*Asks:* 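Pasting a structure below so you can have a look.
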Amino acid sequence: MLLQNFPYLETVVAGLAAFLLGFLWYHPKVMGRRWIEARGKSADDMKPKFFPSVVSFVLWMLASCFYSFLILIMGLDATMALILLSCLLWVAFAMPPTVMGAFYTGYPFNAVAIDSAYQLAGYYLFALAHVVVAQLT
């Protein structure tokens, strides 16, 4: 019964939207130049590579599946509830390991802030995708 009610289309749209946001987010005219400077790298060092992009796509899809599963078992369908879920998931599960990892690896705070904000924006896109696709279908 759970798989029968699973929001497959919303899940795929949400994962794809969050993944594609990364290309915009890390574009040099958006946050990319600041991110590269914060990491002390050059633009040539940071050109997108195939394997990390594939892994990122798979991980966004996995996160989207988890998000969809949570809203299904929790019975959430209100827009504000989905936005709140996005915030709570980010605060509890995405942001802390990113910040903790930065302390131990020396990853610059500016780069951590850019990465972490991208994760939060991705979670917001999860909520938006579920709301919009549900209304359209």
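All values derive from a computational prediction rather than experimental measurement.
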*Asks:* According to a hydrophobic-cluster definition based on side-chain heavy atoms being under 4.5 Å apart (Ile, Leu, Val, Met, Phe, Trp, Tyr only), do F93 and F69 belong together?
*Replies:* yes

*Asks:* According to a 4.5 Å side-chain heavy-atom criterion applied to Ile, Leu, Val, Met, Phe, Trp and Tyr, with indirect links allowed, do V30 and I36 form part of one hydrophobic cluster?
*Replies:* yes

*Asks:* So, W90 side chain and A117 main chain: donor-acceptor pair closer than 3.5 Å or not?
*Replies:*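 Side chain of W90 to backbone of A117, a donor-acceptor pair under 3.5 Å: no, none is there.
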
*Asks:* Given the side-chain rings of F126 and Y123, with only the six-membered ring counted for Trp, is the space between their centroids under 6.0 Å?
*Replies:*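 When the ring centroids of F126 and Y123 are compared, they turn out to be within the sub-6.0 Å range.
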
*Asks:* Kindly work out whether a path of hydrophobic side-chain contacts (I/L/V/M/F/W/Y, heavy atoms less than 4.5 Å apart) joins L128 to L84.
*Replies:* no

*Asks:* Identify the two heavy atoms, one from M61 and one from L16, that lie closest to each other, and give their separation to 0.1 Å.
*Replies:*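 The pair with the smallest heavy-atom distance is SD-N, 3.8 Å.
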
*Asks:* More than 12 heavy atoms of other residues, nucleotides or ligands under 6.0 Å from NZ of K49: is that the case?
*Replies:*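 It does: K49 NZ has more than 12 such atoms within range.
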
*Asks:* Hey, what do you get for CG (L136) to CD (E10), rounding to the nearest 0.5 Å?
*Replies:*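 Taking CG in L136 and CD in E10, the distance rounds to 9.5 Å.
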
*Asks:* If I compare all heavy atoms of V13 with all of A129, which pair ends up nearest, and what's the gap?
*Replies:* CG1-CB, 3.9 Å

*Asks:* Calculate, to the nearest 0.5 Å, the distance between atoms CG and CG belonging to L82 and L70 respectively.
*Replies:* 11.0 Å

*Asks:* For the residue pair F23 and F19, categorise the inter-ring angle as parallel (less than 30°), tilted (30 to 60°) or perpendicular (more than 60°).
*Replies:* perpendicular

*Asks:* Can you name the nearest heavy-atom pair linking R39 to P108, along with the distance?
*Replies:*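 Of all heavy-atom pairs spanning R39 and P108, the closest is CA-CG, 4.2 Å.
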
*Asks:* Which pairs, with at least one residue in residues 125-137 and sequence neighbours excluded, count as a side chain to side chain donor-acceptor pair (under 3.5 Å)?
*Replies:* S68-H130

*Asks:* Treating Ile, Leu, Val, Met, Phe, Trp and Tyr as nodes and any side-chain heavy-atom pair under 4.5 angstrom as an edge, say whether L20 and I114 lie in one connected cluster.
*Replies:*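 The answer is yes; both residues are in one hydrophobic cluster.
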
*Asks:* Closest approach of V112 and A102, non-hydrogen atoms and distance?
*Replies:* CG2-CB, 3.2 Å

*Asks:* Once you round to the nearest 0.5 Å, how far does CE of M95 lie from CG of D115?
*Replies:* 13.5 Å

*Asks:* Give, for atom OH of Y26 and atom CG of L21, the distance between the pair rounded to the nearest 0.5 Å.
*Replies:*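 One finds 9.0 Å between OH of Y26 and CG of L21.
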
*Asks:* Ignoring hydrogens, what is the shortest heavy-atom contact between L120 and C87? Give both atom names and the distance.
*Replies:* CD1-CA, 4.4 Å

*Asks:* Would you tell me whether N110 and W35 have side-chain atoms, one donor and one acceptor, within less than 3.5 Å of each other?
*Replies:* no

*Asks:* Of all heavy-atom pairs between S64 and G15, which one has the smallest distance, and what is that distance?
*Replies:*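 Shortest heavy-atom contact: OG-N, 3.4 Å.
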
*Asks:* Rounded to the nearest 0.5 Å, what separation is found between the CZ atom of F109 and the OG atom of S116?
*Replies:*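 Reported value, rounded in 0.5 Å steps: 8.5 Å.
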
*Asks:* Under a 4.5 Å side-chain heavy-atom rule over Ile, Leu, Val, Met, Phe, Trp and Tyr, are Y107 and F103 clustered together?
*Replies:* yes

*Asks:* Are side-chain N/O atoms of S86 and Y67 paired as donor and acceptor at under 3.5 Å?
*Replies:* yes

*Asks:* Measure up the W25 and Y118 rings against each other and bin them: parallel (under 30°), tilted (30 to 60°), perpendicular (over 60°).
*Replies:*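 Rings of W25 and Y118: tilted, 30 to 60°.
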
